[in-house]
Structure formats: structure tokens, C-alpha cells
Amino acid sequence: MSDLRVRFAPSPTGYLHIGGARTALFNYLLAKKQGGTYVLRIEDTDVARSTQESVDAILDAMEWLGLSCDEGPFYQSERFDLYKQKVEQLLQEGKAYRCYCTQEELDAKREAAMKEGRKPKYDGTCRNRSDQPDMPNVIRFKLPEDKEETTFVDKIKGAITVRHEELDDLVIARTDGTPTYNLVVVIDDAEMGINLVIRGDDHVNNTPRQILLYEALGYPVPEFAHVPMILGSDKKRLSKRHGATSVMAYQEMGYLPEAMVNYLVRLGWSFGDEEIFSMDDLIEKFSIENVGRSAGVFNPEKLLWLNSHYIKTGDAVRLAELLKPFLASKGISTEDGPNLVAAVKSLQERASTLIEMAEGAAFYFVDSVSYEEKAQSKFLRPEQKPVFETLLAELEKCPEFIEDQLESAFAKIMEVTELKFGKIAQPLRVALTGGTASPSIYEVLQVLGKDRSLSRIKQAIDSL
RNA sequence: GUCCCUAUCGUCUAGCCUGGCCCAGGACACCGGCCUUUCACGCCGGCGACGGGGGUUCGAAUCCCCCUGGGGACGCCA
């Protein structure tokens with residue numbers, strides 16, 4: 001056990017995306033590895049944009065990935081009293097002040113600053129005003145004047161220093177009185193005892209001002225570890241136009257959670273030359289020290305490769321369960337068809353996703369085979385009739401459809417027809433599956449079973 | 001624009017801290033071959049990188065500086 005306390009704090013304004021999932025995973029892994037605590041906190045201070053739907057979507061995705069939290073989920077929307085009290089405290093201590101500048105004024109100043117090539121930041125207009133007019137106002141945190149710069153040692157990036165002249169007095173409470181992100185994140189992390197903040201790279205710039213807030217509020221400052229961003233193939237920030245960015249979209253596309261976890265962890269982290277990691281491996285091997293410092297490009301092809309790996313090596317019974325919804329959505333019922341687990345086994349090394357597997361499995365469960373046009377014209381020709389009849393007769397004699405019996409049956413068939421195996425197998429494959437690509441003929445025969453196989457051969461003969 | 005971060009094959013990365021074992025290793029993708037009853041799997045092989053320039057050193061992917069590229073931040077979003 002250790003006293004490590006980490007957290008993942010998504011804002012519920014949409015689904016859980018790839019980047020967030022990776023951040024959550026890193027937090028989770030480190031907590032598990034060190035016997036620490038992983039806290040989940042929903043950052044819903046922006047009431048207008050936060051939705052229950054998003055909260056549910058995020059929770060679902062976390063569950064799918066297997067990232068269960070030790071504490072939470074906590075909701076910031078339920079903690080406004082605490083924040084209000086802290087704002088009041090800062091106001092009383094003279095560490096914050098009311099600002100009456102309007103949105104329009106600020107926008108204009110910001111634009112002007114940008115245009116003049118200056119860093120757009122609040123000019124402190126209301127900082128020293130002594131009156132307290134009865135007008136709408138926000139509350140700003142007064143940048144401490146006793147220090148020139150703030151430095152922190154990031155666990156991933158190393159020492160980072162920001163000069164205070166780059167900072168300004170940030171808004172900690174909006175006109176409507178609700179607190180803003182930089183304030184609540186500090187209060188919550190402190191109150192929840194978080195001692196290592198692992199979050200996205202995009203927060204590096206916020207960190208110095210948050211440290212100042214920790215100090216102003218009398219909290220101990222935690223450690224920080226900023227993980228690099230995930231980019232799209234064009235090196236731009238990953239977004240929808242690069243393809244699916246929602247974790248759950250990958251579930252819908254037939255990906256396995258262990259593939260997603262494995263992919264995500266290897267994007268920006270490595271352990272020698274190893275590529276394949278189970279969750280248990282990761283809990284044992286993960287470390288912040290081995291997290292890279294630069295942004296990485298999301299590579300769907302590698303994810304797909306991992307997915308095919310996990311399908312190939314996965315437990316067929318479990319895969320069969322996972323496959324059912326995909327079959328159902330194709331209108332395929334497995335009720336009184338062949339054994340689904342056997343069907344899955346025959347497809348494991350030829351499907352990269354559950355969707356592909358469902359497509360590949362469809363023929364097993366249809367009532368009557370429909371032939372692909374090309375396959376039919378090439379392999380189901382009238383002159384094949386004797387071959388099919390021999391097939392039917394010999395297979396009929398086969399007491400059980402198991403490997404060695406099928407083999408001897410085929411030896412006989414090859415003898416009678418004087419044809420090579422391939423000349424028999426391919427037409428039979430079309431008769432059995434409707435197409436030219438499928439698991440091996442013996443497997444298909446076995447999975448289908450004797451009755452179904454024979455009736456499909458008869459169907460083929462009738463079609464000639 | 002300003003500030004912060006960052007820089008090894010197309011992509012993810014090992015190596016960098018503690019210079020020589022690296023004319024740079026692995027993986028995905030791609031190409032070729034083998035295997036084979038189809039499709040796949042698998043196996044073997046190939047292609048392919050230290051961004052540029054200066055230093056330091058007997059020696060630099062590794063240390064220092066500059067440039068360039070890329071990303072991020074600059075909100076009454078988080």
C-alpha cells in the first residue's frame with residue numbers, strides 16, 4: 001500500500017474520447033501498481049454544457065475499459081458551497097477582488113493586444129479600485145506580487161518555469177457566482193488529498209497559476225505529471241475528422257477493450273520491446289518514468305492489429321457472447337443453428353473485429369445459402385453434378401463429422417472422382433458457405449454438422 | 001504574436017540521464033517469398049530514421065548553443 005492518490009476528472013460535455021481514456025488509464029495503472037487510490041471526479045461546473053447523458057457515456061466507457069475507481073464519482077456541481085466559501089476566504093484575505101469589466105471590454109482589449117503582438121492578458125483595471133458598486137461582477141484571483149516566477153518539477157517533462165509577467169488575474173467566479181475550473185480543480189484536488197495530478201499536456205500552462213492558488217488557500221502543492229497529447233495523422237490535435245475518437249465507438253466497431261487498453265498504453269509509454277500487455281502486466285510494469293515527453297500520432301492500424309491479436313488468442317466462449325449483439329444487428333439468430341462457440345473458433349484467426357467475425361459467421365446460421373454470383377458461375381456448373389453426387393454419397397456414409405472420418409471420406413471421394421482436393425473443396429465451399437472464402441472445409445463441415453451440410457449439398461445439386 | 005513544451009524509420013517506440021557495445025534495435029503498415037483446399041494465420045526476408053548548423057571530445061543519436069519543424073496555452077471552457 002502507498003498513500004498515492006490520483007484522479008481522473010473529465011468534464012461531461014461529450015463522450016469519453018481516446019485521449020481522456022489514456023489519461024484515465026495512466027492514473028488507474030499507477031494507483032493499482034502502487035496500491036494507491038484512484039478517484040473519479042466529474043467536473044461539471046459549467047452547468048450549461050454538462051449533461052447527464054455525457055456522465056453516463058463516460059461511466060460506461062470507463063466500465064468497458066475496466067477502469068473502476070476506488071472513490072467517486074464525485075460531482076463538482078454538488079460542492080458549490082465549498083467553493084463559495086473558499087472564494088469568500090480569498091476575498092476576505094485580500095487575495096481576490098471583484099472585477100466589473102464587461103465581457104465586451106475584455107474582448108476588445110484582448111483583440112487589441114493580439115493585434116499589437118502582445119500577450120493578451122487582463123490589465124488589472126479593477127485590481128485596486130476601492131469602491132464596490134452594485135453592478136454585475138466576476139471575482140478575480142490577485143496574482144501574488146512577492147514572487148517573480150513559479151517553478152514546478154513535472155514528473156514527465158522535468159522542471160518548468162513560468163514568469164509571473166506571463167500570468168494575469170484569473171477569474172475564479174463568474175458573474176452568476178459559479179466558480180471556474182482553475183479554482184475548483186485546486187480545491188477539489190486538495191480536499192480529496194490528491195498528491196499526484198496526472199493529466200493532459202494542455203494543462204501545463206495552467207499549472208503555475210494553480211500552484212499559486214494552492215499556496216493562497218494554504219494547501220500543500222501536489223506533484224504533477226503531464227502526459228503528451230494525441231494527434232491525428234496530420235499531426236493536428238486528434239478530432240472527429242481523423243476518424244472515431246470516442247472510446248465507445250470502437251466497441252461498436254467490434255473492438256475488444258483489452259485491445260484498446262493495450263493500444264492506448266503503448267501510445268506514449270513503452271517497456272523495452274514488448275508490445276502485448278494484459279491489464280495485469282500493465283499494473284506490474286507501468287511507470288511514469290517510461291512515459292514519453294512528446295505528442296504521439298493515433299494509429300488506427302496498430303489498434304486493429306492488436307484487436308486481431310486479442311481475437312485470435314481470446315477465449316471463444318467469451319467472444320461468442322460478445323459476438324451475439326453483432327450477429328443480432330445483422331438479423332442473424334443463433335437459436336437453432338450450429339454451435340456458436342465452434343463457429344467462433346473457426347473464425348478467430350481470420351477476423352480483425354467482431355463485425356468482421358459476424359460477417360464471416362453469417363453463413364453458418366442462414367436457412368438456405370445464397371450464392372455469390374461469381375462463386376456460383378465459377379464453381380456451381382452443371383458438369384460438377386457428379387462431383388457433388390459423390391460428395392453426397394460418401395459424406396452420407398460418414399458416421400460422424402470429425403476430422404479423421406472426414407479425411408478418409410475425402411480420400412475416397414478423390415479416388416472416385418479422380419480429382420485433386422482443391423477441385424473438390426472449392427465447389428463444396430461455395431455450396432456450403434455461398435462464397436469462396438471461409439474457414440477450412442473440414443472445419444465448416446464439422447461446425448455445420450452432418451444434416452446441415454448434406455442438405456446444403458442437395459441444395460447445390462438442385463441449383464445446377 | 002507572446003509564453004510553455006517537444007524533436008530517432010510513414011506511424012508507435014528502444015537507445016539518450018551514466019558518450020564508444022548503434023554504419024541505430026523492436027512493433028504496425030508496406031513490398032517479396034514460403035506454407036496452403038479458399039480466405040486468413042504463421043514463418044522468412046526486404047524497404048525505411050538519429051530535422052539542420054555550430055561547438056565540446058580521441059570519439060556524439062547520446063553533452064552544450066543556435067536555427068527550423070511540430071504541439072499546446074493565452075476564455076466569465078474544462
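Chain naming here is simple, since letters A, B, ... match the order of the sequence lines and numbering starts at 1 in each. Keep in mind that the numbers below use all heavy atoms, side chains included, and drop hydrogens, waters and symmetry copies.
- A distance of about 24 Å separates the C1' atoms of A49(B) and C44(B), rounded to the whole Å.
- Remark: the Asp56(A) side chain and the Gln52(A) side chain contain an N/O donor-acceptor pair separated by less than 3.5 Å.
- The two residues Asp44(A) and Gln76(A) have their closest heavy-atom pair at OD1-N, 3.1 Å.
- A donor-acceptor contact under 3.5 angstrom links the side chains of Thr178(A) and Arg174(A), judged on distance only.
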Could you list all N or O pairs between the protein and nucleotides 60-67 of chain B that sit under 3.5 Å apart?
none

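- When all heavy atoms of Leu319(A) and Ile311(A) are compared, the pair lying nearest together is CD1-O, 3.4 Å.
- Nucleotide U2(B) has A73(B) as its partner under the Watson-Crick or G-U criteria, with both atom distances under 3.5 Å.
- Rounded to a whole angstrom, the distance from the P atom of G15(B) to that of C63(B) is 13 Å.
- A cation-pi arrangement is found for Arg140(A) relative to Tyr122(A), the charged atom lying closer than 6.0 Å to the ring centre and inside a 45° cone about the ring normal.
- If you check C58(B) for Watson-Crick or wobble pairing at under 3.5 angstrom, you find it paired to G20(B).
- Note: CZ (Phe277(A)) to P (G26(B)) measures 17 Å, nearest angstrom.
- Both distances falling under 3.5 Å, in either a Watson-Crick or a G-U wobble arrangement, occur for no nucleotide opposite G48(B).
- Nucleotides U68(B) and G75(B) are separated by 26 Å at their P atoms, to the nearest Å.
- Comparing the same atom, P, in A24(B) and in U62(B) gives a spacing of 15 Å after rounding to whole Å.
- Using a 4.0 Å heavy-atom criterion, one finds that Arg266(A) contacts the bases of the nucleic acid, with or without backbone contacts as well.
- Judged as a salt bridge (charged side-chain N to carboxylate O under 4.0 Å, His left out), and not counting sequence neighbours, Glu403(A) has no contacts.
- A gap of 24 Å separates the P atoms of C22(B) and C64(B), to the nearest Å.
- Nearest-nucleotide positions on RNA chain B for Thr161(A) and Ala295(A) put Thr161(A) closer to the 5' end.
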Interface polar pairs with nucleotides 21-24 of chain B, N/O, under 3.5 angstrom:
none

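- Both Ser294(A) and Lys302(A) lie near RNA chain B, and the one whose nearest nucleotide falls closer to the 5' end is Ser294(A).
- Remark: Ser377(A) engages no residue in a side-chain hydrogen bond (donor to acceptor under 3.5 Å, both in side chains) (not counting sequence neighbours).
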Using the 3.5 Å cut-off, write out each protein N or O paired with an N or O of nucleotides 32-38 of chain B and the distance between them.
{"unit_1": "U37(B)", "atom_1": "O2", "unit_2": "Arg429(A)", "atom_2": "NH2", "d": "3.0"}
{"unit_1": "U38(B)", "atom_1": "O4'", "unit_2": "Gln426(A)", "atom_2": "OE1", "d": "3.2"}
{"unit_1": "U38(B)", "atom_1": "O2'", "unit_2": "Thr436(A)", "atom_2": "O", "d": "2.6"}
{"unit_1": "U38(B)", "atom_1": "N1", "unit_2": "Arg429(A)", "atom_2": "NH1", "d": "3.2"}
{"unit_1": "U38(B)", "atom_1": "O2", "unit_2": "Arg429(A)", "atom_2": "NE", "d": "3.2"}
{"unit_1": "U38(B)", "atom_1": "O2", "unit_2": "Thr436(A)", "atom_2": "O", "d": "3.2"}
{"unit_1": "U38(B)", "atom_1": "O2", "unit_2": "Ser438(A)", "atom_2": "N", "d": "2.8"}
{"unit_1": "U38(B)", "atom_1": "O2", "unit_2": "Ser438(A)", "atom_2": "O", "d": "3.1"}
{"unit_1": "U38(B)", "atom_1": "N3", "unit_2": "Arg429(A)", "atom_2": "NH2", "d": "3.0"}
{"unit_1": "U38(B)", "atom_1": "N3", "unit_2": "Ser438(A)", "atom_2": "O", "d": "2.6"}
{"unit_1": "U38(B)", "atom_1": "O4", "unit_2": "Ser440(A)", "atom_2": "N", "d": "3.2"}

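- Pairing for A27(B) is with U11(B), a Watson-Crick or G-U wobble pair whose two hydrogen-bonding atom distances lie under 3.5 Å.
- Across the P atoms, G69(B) and G26(B) are found 33 Å apart, a figure rounded to whole Å.
- Nucleotides A40(B) and C31(B) place their P atoms 12 Å apart, quoted to the nearest Å.
- Every residue two or more places apart in sequence or in another chain that forms a side-chain hydrogen bond (donor to acceptor under 3.5 Å, both in side chains) with Glu383(A) is listed here: Arg381(A).
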Enumerate the protein-to-nucleotides 42-52 of chain B contacts in which both atoms are nitrogen or oxygen and the separation is below 3.5 Å.
{"unit_1": "G42(B)", "atom_1": "OP1", "unit_2": "Lys312(A)", "atom_2": "NZ", "d": "3.2"}

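- The residue Glu166(A) sits close only to the backbone: its heavy atoms come under 4.0 Å of sugar-phosphate atoms, none of a base.
- For the pair Glu275(A) and Lys302(A), the salt-bridge criterion is met [side-chain N within less than 4.0 Å of a carboxylate O].
- Aromatic ring centres of Tyr442(A) and Phe421(A) lie closer together than 6.0 Å.
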task = Please report the C-alpha distance between Lys312(A) and Glu349(A) in whole Å, then the side-chain angles of each, then the deciding distance to 0.1 Å, and finally whether the salt bridge (charged side-chain N to carboxylate O under 4.0 Å, His left out) criterion is met.
result = CA-CA 5 Å; Lys312(A) 214 175 302 166; Glu349(A) 52 183 41; over 6 Å; no
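- The residues Asp81(A) and Lys84(A) are annotated as not salt-bridged, no charged nitrogen and carboxylate oxygen being separated by less than 4.0 angstrom.
- For the ring-ring contact (aromatic ring centres under 6.0 Å, His included) with Tyr263(A), the qualifying choice from Trp305(A), Phe298(A), Tyr310(A), Tyr255(A) is Phe298(A), the only one to do so.
- The closest donor-acceptor contact from the side chain of Thr180(A) to the backbone of Val171(A) lies under 3.5 Å.
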For residues 409-417 of chain A, which side-chain N or O atoms pair as donor and acceptor with protein atoms under 3.5 Å away, sequence neighbours left out?
{"unit_1": "Thr417(A)", "atom_1": "OG1", "unit_2": "Ile413(A)", "atom_2": "O", "d": "2.7"}
{"unit_1": "Thr417(A)", "atom_1": "OG1", "unit_2": "Leu419(A)", "atom_2": "N", "d": "3.4"}

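- For the C1' atoms, the distance from C28(B) to C65(B) is 37 Å, rounded to whole Å.
- One can place CD1 of Ile311(A) at 16 Å from C1' of C39(B), the figure rounded to the nearest angstrom.
- For the pair Arg293(A) and A7(B), the criterion of a side-chain N or O lying under 4.0 Å from OP1 or OP2 is met.
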key: Contact state string [nucleotides 72-78 of chain B, B base, S sugar-phosphate only, - no protein heavy atom under 4.0 Å]   = BSBSBBB
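- Residue-level contact check: Gly360(A) touches neither bases nor backbone, having no heavy atom under 4.0 Å from any strand.
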Quick one: side chains of residues 352-362 of chain A, donor-acceptor pairs under 3.5 Å with protein atoms, not counting sequence neighbours, listed by atom name and distance.
{"unit_1": "Thr353(A)", "atom_1": "OG1", "unit_2": "Ile355(A)", "atom_2": "N", "d": "3.3"}
{"unit_1": "Thr353(A)", "atom_1": "OG1", "unit_2": "Glu356(A)", "atom_2": "N", "d": "3.0"}
{"unit_1": "Glu356(A)", "atom_1": "OE1", "unit_2": "Ser352(A)", "atom_2": "N", "d": "3.0"}

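- Partners of Arg350(A) under the side-chain hydrogen bond (donor to acceptor under 3.5 Å, both in side chains) rule, at least two apart in sequence or in another chain, do not exist in this structure.
- The CD atom of Glu289(A) sits 16 Å away from the P atom of U18(B) (whole-angstrom rounding).
- For Asp123(A), the side-chain hydrogen bond (donor to acceptor under 3.5 Å, both in side chains) partners are Lys109(A), Thr125(A), not counting sequence neighbours.
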